[in-house]
S.K.: 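Next up is a structure, given as structure tokens.
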Amino acid sequence: MQNMRISFIGAGNMATSLIGGLIARGLPASQIHASDPGEQRRQQLQQDFGIQVHADNAAASAAADVLVLAVKPQIMHQVCTDLRTALKPGQLVISIAAGIESSCLARWLEHQSIVRCMPNTPALLQQGVSGLFAAAAVSQEQKNIAEQILNAVGISVWLQDEQQLDAVTALSGSGPAYFFLLVEAMVQTGIKLGLEEATASQLARQTALGAARMLCESPLSASQLRQQVTSPQGTTDAAIRSFQQDGFAAMVERALSRAAERSAELAQQLGK
Ligand SMILES: NC(=O)c1ccc[n+]([C@@H]2O[C@H](COP(=O)([O-])OP(=O)(O)OC[C@H]3O[C@@H](n4cnc5c(N)ncnc54)[C@H](OP(=O)(O)O)[C@@H]3O)[C@@H](O)[C@H]2O)c1
């Protein structure tokens, strides 16, 4: 990837995280381009990273071996249609837009080398996880490049079937919000149990961080870790039993299934 020239079309939150991650991993700024309508945003990127910036997407595309489409899904159709004539046959196109299928991108761009990704917000802290799907025309070398780019903001997993991106969206794409919801409820309950809000918040946040690190750093499964901290008849046991009696697993299943359905619905709407 060291000789690759990468252009970002749309230079918002996600693109900025990826650019920061790539530079932190040693990709020279001179090989990174970005286009965005916001003049202030372009200036900021130039100042922060020393990359080349463009107001014109076609100019950014012309400069690149790899194009990362990082605009909102709602404008992707228009952006792709405008880029169509600027694309070169060997270019790899990576889309990070939620819900736009690779077949739509291929149709809109009249281009076949497409990798579709579903990152998540912790990418902003280089702690993200992305699901990746490659269209049939993508070579192994191009897959390696896509993986290296997404790994600049976390880790990635390849999917064999594009429909699995709906499950990825439900699990990891929307997942950070589920943890935030749990922390919100824990803080509110901590307050009801007599804690100051600031104290409850500090306790809940640090507990989330500690638990996340144990999950990632321990060889044990989530279930084993839970059992390890749950003494029979103890306080954790009382809470877990209460969660289970209230149908916690079924509630999670319903919520994630609904998110996956919504992802498929949005893909249908956006792909028109
Ligand atoms: N943020 C996440 O956690 C996350 C997670 C998974 C996937 N994604 C996907 O990543 C993509 C980008 O998300 P984001 O959060 O980075 O959004 P964002 O911060 O809004 O970035 C999009 C950028 O594209 C610019 N833009 C608008 N019209 C453009 C055009 N015609 N050509 C080029 N650039 C244009 C926007 O400028 P203006 O602001 O001036 O319109 C903005 O700077 C989305 O498709 C989203 O689905 C994001």
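Atoms within each ligand, like the ligands themselves, are counted from 1 in listed order. Quick note: numbers below take in every heavy atom, side chains included, and nothing from hydrogens, waters or symmetry partners.
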S.K.: I'd like a table of donor-acceptor pairs (distance under 3.5 Å, sequence neighbours excluded) in which one partner is a side-chain atom from residues 167-178, with atom names and distances.
M.R.:
residue: Thr169; atom: OG1; partner: Leu165; partner atom: O; Å: 2.6
residue: Ser172; atom: OG; partner: Val168; partner atom: O; Å: 3.2
residue: Ser174; atom: OG; partner: Thr169; partner atom: O; Å: 3.2
residue: Tyr178; atom: OH; partner: Ala170; partner atom: O; Å: 2.5

S.K.: With sequence neighbours left out, write down each residue that passes side chain to side chain contact (heavy atoms under 4.5 Å, CB included) with Val157, or none if nothing qualifies.
M.R.: none

S.K.: Could Glu265 and Arg258 be called an ion pair, given the rule that one side-chain N must be under 4.0 Å from one carboxylate O?
M.R.: yes

S.K.: Got Val53 and His33 here, is their nearest side-chain heavy-atom distance under 4.5 Å?
M.R.: no

S.K.: Could you pull out every N or O of ligand 1 that sits under 3.5 Å from a protein N or O, with the distance for each pair?
M.R.:
residue: ligand 1; atom: 16 (O); partner: Asn13; partner atom: N; Å: 3.2
residue: ligand 1; atom: 16 (O); partner: Met14; partner atom: N; Å: 2.8
residue: ligand 1; atom: 17 (O); partner: Lys72; partner atom: NZ; Å: 3.4
residue: ligand 1; atom: 19 (O); partner: Asn13; partner atom: N; Å: 2.9
residue: ligand 1; atom: 19 (O); partner: Asn13; partner atom: ND2; Å: 3.3
residue: ligand 1; atom: 32 (N); partner: Asn57; partner atom: ND2; Å: 3.0
residue: ligand 1; atom: 43 (O); partner: Asp36; partner atom: OD2; Å: 2.6
residue: ligand 1; atom: 43 (O); partner: Arg41; partner atom: NE; Å: 3.2
residue: ligand 1; atom: 45 (O); partner: Val71; partner atom: O; Å: 2.6
residue: ligand 1; atom: 47 (O); partner: Ala98; partner atom: N; Å: 3.1

S.K.: For Glu39, does the CD atom have more than 12 heavy-atom neighbours from other residues, nucleotides or ligands under 6.0 Å away?
M.R.: no

S.K.: Apply side-chain hydrogen bond (donor to acceptor under 3.5 Å, both in side chains) to Ser201 and list each qualifying residue two or more places apart in sequence or on a separate chain.
M.R.: Arg205

